[in-house]
Participant: 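Below is the structure I would like to discuss, written out as C-alpha cells.
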Amino acid sequence: MDLRAAGPMEQFEISPIVPLSLGGIDISLTNSALWMLIGTGVIMFFFFLATRRASLIPGRVQSAAEVVYEFVADLVRDTIGSEGRKFFPYVFTLFIFILAANLLGLLPSIPGAPHEFHTFTTTSHLIVTLALAMVTITIVVVYGFMKNGLKFFKLFAPSGLPVYMYPLIVPIEVISFLSRPISLAVRLFANMFAGHIILKLFAGFVVSLLSVGGVISVLGIAPFLGAVAVTMLEFLVAALQAYVFAVLTCIYLADAAHAADH
C-alpha cells in the first residue's frame, strides 16, 4: 500500500477500495463512495442523537437539529410558498448531504493511512455535483408538466411582452433553463475544488520552508497563517455552497410551481 500523504492533486483521485464488476461494468467501492456513505452515516447518527430523547426543553444536539430544520423550512416556505411543503424533504436532504460532504472533506487525513482512505471531498468531483443537479432539474421538469401541463412552456415565453420580442426572449430563456444543471454543478464543484487546492498549496509551502531550516524556516510563518485563514474560509464556503445549492433548487422549483402565472 502507498503510505504517502496526498499531494495537491492526488487528493482528488478516485481509488478503488473493494474491486467489483457486474457484467463488465465497474461497480467497485471507491473512496468517493465510501465518504458518501460516511457522510450519510454521520447525518443519520446526528439526527438519531437529536431525536432519541426529544423534549420541550431541547439540549444542544436537539437545538442544533431544530435550527437546521427551521432554517430549511423557512427557506422553502419563503421561496416556493405553501406548495413548497411537498418539496421540503428533498431540499432538506439535499442541503444536509452537501453540507456534511463539504465539512467532512475539511477533516485532516490520518498520517500514514493508505491513499484510498485519505479524507475525500465528494463534492469536489463534477460527476457527483452534476448528478445532484440533474436530480433537481428532473424534479423541476416532471413537476412542472404535472402541475401546469403545456402551460409549463410559458416559463420560456412570459406573457405581456411585445410580439416582436419573443424570437429573442424564447431562445435566451431556453438556453438559460438548459444551463441550470451545469451552473448548479460547476458552482459547487469549482468552489470546493479550488479551495482545497489553495489549502494544500499553502500547507506545501510551510513544509518546504521548514525543511530548509535556519533563518529561512521563519518565513514558513506566513504561509502557515495563510493556511489557517483559508481553512476558516473553507468552513464558511462549505456552509455557503450548501445554502446556495438549496436556495437555487427552491427557486427552480418555484418556477415550476408557478409557470402558468408567467
Side-chain angles (χ1 to χ4, degrees), residues 12 14 32 36 71-72 74-99 101-102 105 121-198 236-262:
F12 301 107
I14 295 180
S32 178
M36 282 189 273
F71 175 77
V72 179
D74 289 341
L75 173 64
V76 173
R77 182 167 50 250
D78 295 342
T79 308
I80 306 176
S82 58
E83 294 188 35
R85 287 177 294 182
K86 63 173 68 70
F87 298 113
F88 171 77
Y90 172 69
V91 177
F92 182 79
T93 302
L94 191 64
F95 172 80
I96 202 69
F97 175 79
I98 293 174
L99 179 63
N102 291 350
T121 310
T122 55
T123 47
S124 68
H125 276 260
L126 184 58
I127 188 62
V128 175
T129 59
L130 184 60
L132 296 175
M134 289 305 299
V135 171
T136 292
I137 295 302
T138 300
I139 293 174
V140 168
V141 173
V142 171
Y143 179 73
F145 279 111
M146 289 177 59
K147 175 72 164 45
N148 306 284
L150 294 179
K151 290 184 178 180
F152 178 70
F153 289 110
K154 291 187 69 177
L155 194 64
F156 311 114
S159 58
L161 291 175
V163 176
Y164 63 85
M165 291 291 293
Y166 284 105
L168 175 64
I169 295 299
V170 171
I172 292 176
E173 291 294 333
V174 170
I175 294 173
S176 175
F177 185 84
L178 294 177
S179 67
R180 285 179 175 182
I182 299 174
S183 63
L184 266 179
V186 171
R187 183 183 294 104
L188 177 57
F189 145 76
N191 276 278
M192 301 314 299
F193 183 86
H196 282 65
I197 286 293
I198 294 172
L236 176 62
V237 170
L240 182 61
Q241 288 305 311
Y243 169 75
V244 170
F245 204 103
V247 75
L248 288 176
T249 295
C250 289
I251 292 173
Y252 299 157
L253 290 170
D255 286 343
H258 307 293
D261 300 331
H262 282 259

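The residues of the chain are indexed from 1 along the displayed sequence. Computed from a prediction, not measured in an experiment: that's the story for all the values here.
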Participant: From Phe189 CZ over to Ile127 CD1, what is the distance, rounded to the nearest 0.5 angstrom?
Facilitator: 11.5 Å
Participant: Less than 4.5 Å apart, side chain to side chain, heavy atoms only: is that true for Phe92 and Val76?
Facilitator: no
Participant: Taking the inter-plane angle between the rings of Phe95 and Phe71 on a 0 to 90° scale, is it parallel (under 30°), tilted (30 to 60°) or perpendicular (over 60°)?
Facilitator: tilted
Participant: Ring centroids only, cut at 6.0 angstrom: are Phe153 and Phe145 within range, meaning strictly under it?
Facilitator: yes
Participant: Please confirm whether the backbone N or O of Ala185 pairs with a side-chain atom of Thr129, one donor and one acceptor, at under 3.5 Å?
Facilitator: yes
Participant: What's the spacing between Phe245 CZ and Leu184 CG if we round to 0.5 Å?
Facilitator: 4.5 Å
Participant: Kindly compute the distance separating NE2 (His125) from CE (Met192), expressed to the nearest 0.5 Å.
Facilitator: 12.0 Å
Participant: Ignoring hydrogens, what is the shortest heavy-atom contact between Lys147 and Ala257? Give both atom names and the distance.
Facilitator: NZ-O, 3.3 Å
Participant: To the closest 0.5 Å, what do you measure between CG (Leu253) and CG (Leu248)?
Facilitator: 11.0 Å
Participant: Determine the minimum heavy-atom distance between Thr121 and Ala101, stating which atoms define it.
Facilitator: CG2-O, 4.2 Å
Participant: Could you go through Ile139 and Tyr252, starting from their C-alpha distance and side-chain angles, then the distance that decides it, and tell me whether this counts as side-chain contact (heavy atoms from CB on, under 4.5 Å)?
Facilitator: CA-CA 10 Å; Ile139 293 174; Tyr252 299 157; over 6 Å; no
Participant: For Ala238 and Leu99, which heavy atoms make the closest approach, and how far apart are they?
Facilitator: O-CD1, 4.1 Å
Participant: List the atom of Ser32, the atom of Thr122, and the distance in Å for their closest heavy-atom pair.
Facilitator: O-CG2, 3.3 Å
Participant: So, taking the atom named CG in Leu75 and the one named CZ in Phe88, what distance separates them when rounded to the nearest 0.5 Å?
Facilitator: 10.0 Å
Participant: Show the nearest heavy-atom pair for residues Cys250 and Ile80, with the distance to one decimal.
Facilitator: O-CG1, 3.4 Å
Participant: To the closest 0.5 Å, what do you measure between CG (Asn191) and CG (Leu240)?
Facilitator: 8.0 Å
Participant: So, for Asn148 and Ala256, which heavy atoms are closest and what is the spacing to 0.1 Å?
Facilitator: ND2-O, 2.6 Å
Participant: Does CG in Leu150 sit with more than 12 non-hydrogen atoms of other residues, nucleotides or ligands closer than 6.0 Å?
Facilitator: no
Participant: Among Thr249, Asp255, Thr136, which one satisfies side-chain hydrogen bond (donor to acceptor under 3.5 Å, both in side chains) with Arg180?
Facilitator: Asp255
Participant: Quick one, Phe177 with Val141, criterion side-chain contact (heavy atoms from CB on, under 4.5 Å). Give me CA distance, side-chain angles, the key distance, then yes/no.
Facilitator: CA-CA 10 Å; Phe177 185 84; Val141 173; 3.8 Å; yes
Participant: Is the backbone of Val237 close enough, under 3.5 Å, to the side chain of Asn102 for a donor and an acceptor to pair up by distance?
Facilitator: no
